[in-house]
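Just so it is clear, the structure is predicted and the values come from calculations on it, not from any experiment. All residue numbers refer to positions in the sequence shown, counting from 1.
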Amino acid sequence: MANGTIAFDTLQTSGQITGTAKSVDTDYVVNGSSKHWINFTGESTPTVRDSLNAGSITDNGTGDYTIAITNSMGNGNYSISTGLASYNGDADFRFPTFIKSAGTDDWSTMATGSYRLQCNQVNNGASAADPSLVNKGINGDLA
């Protein structure tokens, strides 16, 4: 089997999808799709439930994680979305979590190959806490 390149500018259905969205410019697929996402348990030892383009998770302490991105982002100007929850209902987590370059205390820049986040509870004096569920997603350009 030979590998090659297929070049096209628009994806279009063969008429089996109803409604008005029967075609899409490939720029929307490339630029508008999530390049990284992860769903993990933050309690005790972090455990990945499912992910895309996510490497290891480092547990830096209570509510403090570094997530490696398998295929690096093109620059540090990507957008991160966050969702946190606690199954036992006693933790009200603050949004958004803080994000910074892994291995630094610089909150103003984000690394291309990893990011660090800290999770805090609102109802516990904003102290660090391990959430039951952490969801992260990144939109931006891959390297």
Q. With Ser56, which residues qualify under side chain to side chain contact (heavy atoms under 4.5 Å, CB included), at least two apart?
A.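 For Ser56, the residues satisfying side chain to side chain contact (heavy atoms under 4.5 Å, CB included) (neighbours in sequence not counted) are Ala68.
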Q.
My understanding is that only residues two or more places apart in sequence, or in another chain, count here; which of them pass side chain to side chain contact (heavy atoms under 4.5 Å, CB included) with Ser81?
A.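 If we apply the side chain to side chain contact (heavy atoms under 4.5 Å, CB included) test to Ser81, skipping adjacent residues, there are no hits.
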Q | Under the side chain to side chain donor-acceptor pair (under 3.5 Å) test, residues paired with Asn71 that sit two or more places apart | A |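 Asn53.
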(Q) For Asn135, give me all partners under side chain to side chain donor-acceptor pair (under 3.5 Å), at least two apart in sequence or on another chain. (A)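 Result, side chain to side chain donor-acceptor pair (under 3.5 Å) vs Asn135: Asn39.
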Q: For side-chain contact (heavy atoms from CB on, under 4.5 Å), just list the numbers for Ile67 and Ile38, CA-CA rounded to whole Å, side-chain angles, deciding distance to a tenth of an Å, and then say yes or no.
A: CA-CA 9 Å; Ile67 292 96; Ile38 188 167; 4.3 Å; yes
Q: Evaluate the criterion side-chain contact (heavy atoms from CB on, under 4.5 Å) for residue pair Arg116 and Asn60; output intermediate values, then yes/no.
A: CA-CA 9 Å; Arg116 185 172 175 180; Asn60 303 311; 3.6 Å; yes
Q) Of the non-hydrogen atoms in Asp59 and Ser44, which two are nearest, and what is the gap between them? A)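 Looking at all heavy atoms of both residues, the closest pair is OD2-O, 3.3 Å.
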Q: For residues Arg49 and Ser132, report the shortest heavy-atom separation together with the two atoms involved.
A: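 Shortest heavy-atom contact: NH2-O, 3.4 Å.
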Q. Would a distance-only check, ignoring hydrogens and angles, find a side-chain to backbone donor-acceptor pair under 3.5 Å from Ser34 to Ile138?
A.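 Yes: the side chain of Ser34 pairs with the backbone of Ile138.
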Q: Could you tell me whether the side chain of Lys35 and the main chain of Ser33 form a donor-acceptor pair under 3.5 Å?
A: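 Present.
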Q. Please, which pairs that meet ring-ring contact (aromatic ring centres under 6.0 Å, His included) have at least one residue in residues 39-73, sequence neighbours excluded?
A.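 Output for this query lists Phe40-Tyr65.
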Q: Could you tell me whether the side chain of Tyr115 reaches within less than 4.5 Å of the side chain of Ile80, counting heavy atoms only?
A: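 The answer is yes; the side chains approach within 4.5 Å.
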**Q.** Steps toward side-chain contact (heavy atoms from CB on, under 4.5 Å) verdict (Met73, Leu142)
**A.** CA-CA 4 Å; Met73 302 304 293; Leu142 291 173; 3.8 Å; yes
Q. Are Trp37 and Ile57 linked, directly or through other ILVMFWY residues, by side chains that come within less than 4.5 angstrom of each other?
A.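 Per the 4.5 Å side-chain linkage, Trp37 and Ile57 are not co-clustered.
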